[in-house]
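Remarks on the structure that follows.
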Amino acid sequence: MLYVLLGLIIVGVWLYCLFDVLTTDETDVRLLPKFGWFLIVLLGFAIGAALWLTLGRHRGPQEPTWTPPRIQSGPRPEPPRGPDDDEEFLRTLDRRIRGED
């Protein structure tokens with residue numbers, strides 16, 4: 001059972017490295033061209049995956065791919081008011097209830 005689990009982990013890491021090589025931008029690959037790293041990972045299996053993780057990937061600080069939208073500074077609009085906060089509406093409602101309207 002332990003060997004099966006270990007084998008699944010190794011295959012998972014190998015597949016991760018294959019997809020990582022394919023999706024990594026050409027400018028972020030070190031030492032070899034992207035196709036060369038793909039062949040090393042594909043044919044080298046666990047050793048190729050370990051080489052890719054240690055030598056092939058750019059490990060520097062990454063720029064965020066998404067930045068939140070900037071919030072406009074300035075006067076905030078007045079939030080909507082409920083009918084029970086509007087004095088004019090309450091007076092009109094009171095007149096309607098009394099039948100004065």
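Because only heavy atoms are used, hydrogens play no part in the values below, and waters and symmetry mates are left out as well, while side chains stay in. Treat the numbers as computed from the prediction; the structure is a model and nothing was measured.
To the nearest 0.5 angstrom, Leu18 atom CG is 9.5 Å from Phe45 atom CZ. Leu5 contributes atom CG, which lies 10.0 Å from atom CD1 of Ile10 (distance to the nearest 0.5 angstrom). Separation of atoms CZ (Arg95) and CG (Leu93) is listed at 10.0 Å; rounding is to 0.5 Å.
Checking side-chain atoms of Lys34 against main-chain N and O of Val29 turns up no donor-acceptor pair under 3.5 Å.
Hydrophobic clustering of Ile, Leu, Val, Met, Phe, Trp and Tyr side chains at less than 4.5 Å, counting indirect connections, unites Ile40 with Leu42. Taken together through direct or relayed side-chain contacts under 4.5 Å among Ile, Leu, Val, Met, Phe, Trp and Tyr, Leu39 and Leu53 form parts of separate hydrophobic clusters. Linking ILVMFWY side-chain heavy atoms closer than 4.5 Å, directly or via other members, places Leu15 and Val4 in two distinct hydrophobic clusters. Both Leu31 and Leu22 are assigned to one and the same hydrophobic cluster, defined by single-linkage of ILVMFWY side chains at heavy-atom distances under 4.5 Å. Linking ILVMFWY residues whenever their side-chain heavy atoms come closer than 4.5 Å, directly or via other members, places Leu6 and Val11 in the same cluster.
In this structure, the side chain to side chain donor-acceptor pair (under 3.5 Å) partners of Thr27, at least two apart in sequence or on a different chain, are Asp25. Take Glu78 and apply the side chain to side chain donor-acceptor pair (under 3.5 Å) test, not counting sequence neighbours, and it matches no residue. Under the ring pair (Phe, Tyr, Trp, His ring centres under 6.0 Å) criterion, Phe35 pairs with no residue at all, not counting sequence neighbours. With sequence neighbours excluded, the residues satisfying side chain to side chain donor-acceptor pair (under 3.5 Å) with Trp52 are Asp20. Evaluation of the salt bridge (Lys or Arg N to Asp or Glu O under 4.0 Å) rule for Glu26 yields no partner, not counting sequence neighbours. Evaluation of the side chain to side chain contact (heavy atoms under 4.5 Å, CB included) rule for Ile47 yields Leu51 as partners, not counting sequence neighbours.
Leu90 has its side chain out of reach of Asp86: every pair of non-hydrogen atoms, C-beta onward, lies at least 4.5 Å apart.
Contact detail for Val41 and Gly48: the closest heavy-atom pair is CG2-O, 3.5 Å.
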